[in-house]
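Inspection log for the structure reproduced underneath, given as structure tokens.
Here the structure is a predicted model, which is why all the values come from computation and not from measurement. Residues: numbered from 1 along the sequence shown.
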Amino acid sequence: TNTESIIMSLPSAQLSMDRIYPFAPKDGAKKNMLQNTGLTYNFKGDYRIDTSDEFFFKKEMFDTAKSGIQHDVNLSTNTKIMKHFTLSPSARYKEVWYFNKINRIYNNINDEVVTDTIKGFNAFREYSVGASLSTTIYGDIAFKKGRVQAIRHTMRPSISYGYTPDFSTYYDEIQQSSDPQDILEYTQFEGGIYGTPGRNLSNSLGISIAN
């Protein structure tokens, strides 16, 4: 009320699909890695308005509105290795749709960068893969006397690997001053409600133990 600002998300929709096993046999018994492959899908869609009392339900309100749709697909499976180890590969695919894009050009007359918003369908895609290897180690101590019959000690060591590529192909460079070496990097997805493509390569290794 004091700032006279209005922020709305209208409409906002989310859809989640239960995990399915597209390669499982009809009898339901999953015996190998392919048959254990599970697939999930999540959908999000938003139309967001950030305006003020002055422009509420006027043309300016819709000119600054942002919209987007995000698709998220996850694929995972697991299998036994050498009887005692569980290997769990996984993959994720994300696709984001926007309905406008940012375009920037350098105006050498005014020595400034001019930013335009161009309406139209625009999309970027990201993916990542990973795998983990885990096992469970048991240690039992039995007692011949007393109410306590035995004590079990359980350890679950795990090692995991994750890889996410660099998506710098979605970024552009422009000159931003009279100095030709003064470069501005930007992406046409700037300001999007679901963020921008990731720029940093991620190659990670994790080691953990639950005791």
Side-chain angles (χ1 to χ4, degrees), residues 1-19 39-76 90-130 162-202 204:
T1 301
N2 291 336
T3 61
E4 297 184 346
S5 65
I6 299 174
I7 301 173
M8 298 189 302
S9 185
L10 183 69
S12 177
Q14 294 190 23
L15 175 68
S16 297
M17 182 185 74
D18 290 336
R19 180 180 297 272
L39 174 70
T40 61
Y41 169 76
N42 295 284
F43 166 94
K44 290 196 297 185
D46 279 290
Y47 185 83
R48 297 181 187 174
I49 294 171
D50 189 349
T51 187
S52 64
D53 284 348
E54 180 183 0
F55 301 119
F56 191 52
F57 274 108
K58 294 181 180 178
K59 180 179 180 297
E60 290 83 358
M61 182 184 84
F62 299 101
D63 288 341
T64 58
K66 297 179 180 180
S67 58
I69 292 175
Q70 178 176 290
H71 308 272
D72 208 333
V73 180
N74 289 274
L75 199 67
S76 62
S90 62
R92 182 192 179 197
Y93 174 81
K94 183 178 77 172
E95 183 166 330
V96 175
W97 296 353
Y98 290 142
F99 301 96
N100 54 51
K101 65 179 180 179
I102 300 297
N103 184 51
R104 290 180 172 172
I105 59 172
Y106 172 64
N107 187 324
N108 55 4
I109 298 176
N110 298 325
D111 190 26
E112 64 178 5
V113 175
V114 179
T115 302
D116 293 322
T117 301
I118 302 173
K119 294 190 178 296
F121 177 78
N122 209 17
F124 71 86
R125 299 158 187 87
E126 293 180 321
Y127 62 89
S128 60
V129 294
Y163 172 76
T164 303
D166 181 3
F167 296 98
S168 293
T169 53
Y170 290 111
Y171 287 78
D172 298 307
E173 294 182 350
I174 62 166
Q175 181 180 337
Q176 63 176 344
S177 69
S178 56
D179 180 5
Q181 302 301 319
D182 188 10
I183 300 300
L184 171 68
E185 293 185 342
Y186 81 99
T187 176
Q188 57 189 351
F189 304 100
E190 284 181 7
I193 57 179
Y194 297 125
T196 57
R199 297 197 58 193
N200 298 318
L201 170 70
S202 175
S204 62

What are the two closest non-hydrogen atoms of T164 and S128, and how far apart are they? OG1-CB, 3.4 Å

V113 vs I174 side-chain heavy atoms within contact, under 4.5 Å: yes

Which value, rounded to the nearest 0.5 Å, describes the distance between N42 atom CG and Q70 atom CD? 9.0 Å

Polar side-chain atom of T187 near backbone of Y170 as donor-acceptor pair, under 3.5 Å: yes

Rounded distance [0.5 Å steps], CG in L39 versus CG in L75: 6.0 Å

Does the cation-pi check pass for R199 over Y171, that is, NZ or CZ under 6.0 Å from the six-membered ring centre and within 45° of its axis? yes

A side-chain contact here means heavy atoms from C-beta on lying under 4.5 Å apart; do D72 and Y41 qualify? no

Gap between atom CG of D182 and atom CD of Q176 - 0.5 Å precision: 4.0 Å

Answer yes or no: is there a side-chain heavy-atom contact under 4.5 Å between P197 and F189? yes

May I ask you to decide if G120's main-chain N or O and Y98's side chain share a donor-acceptor pair within less than 3.5 Å? no

Hey, does F43 have a side-chain heavy atom less than 4.5 Å from the side chain of H71? yes

Do R48 and S67 come close enough that some side-chain heavy atom pair is under 4.5 Å? no

Within 6.0 angstrom of D111 CG, more than 12 heavy atoms from elsewhere: yes

What do the steps show when you test I102 against T115 for side chain to side chain contact (heavy atoms under 4.5 Å, CB included), and what is the final call? CA-CA 7 Å; I102 300 297; T115 302; 3.6 Å; yes

Heavy atoms from other residues, nucleotides or ligands near CG of N108 exceed 12 (cutoff 6.0 Å): yes

Output for pair (S76 OG, N74 CG), nearest 0.5 Å, gives 7.5 Å

CD/E4 to OG1/T51 distance, rounded to the nearest 0.5 angstrom? 11.0 Å

Whether Y106 side chain and S178 backbone form a donor-acceptor pair below 3.5 Å: yes

Is there a side-chain contact between N122 and Q188, using heavy atoms and a 4.5 Å cut-off? yes

Considering all heavy atoms, the nearest F56-M8 contact: CE1-CE, 3.8 Å

Please tell me if the side chains of R104 and E190 come closer than 4.5 Å, counting only heavy atoms from C-beta onward. yes

Specify the closest pair of heavy atoms between I193 and G68, including all atoms of both residues, with the distance to one decimal. CD1-N, 3.5 Å

L15 backbone acceptor or donor facing K44 side chain under 3.5 Å: no

Going by distance alone, is a donor N or O of one side chain under 3.5 Å from an acceptor N or O of the other, for T117 and N100? no

Only residue of Y194, F121, F124 satisfying ring-ring contact (aromatic ring centres under 6.0 Å, His included) with W97 is F121

Is the shortest side-chain heavy-atom distance between S9 and Y47 below 4.5 Å? no

Any sub-3.5 Å donor-acceptor pair from D166's side-chain atoms to S168's backbone N or O? yes

Which value, rounded to the nearest 0.5 Å, describes the distance between N103 atom CG and D116 atom CG? 6.0 Å

Which atom of P165 lies closest to which atom of L201, heavy atoms considered: CA-CD1, 3.9 Å

Look at the side chain of N107 and the backbone N and O of N110, then say whether any donor-acceptor pair between them is shorter than 3.5 Å. yes

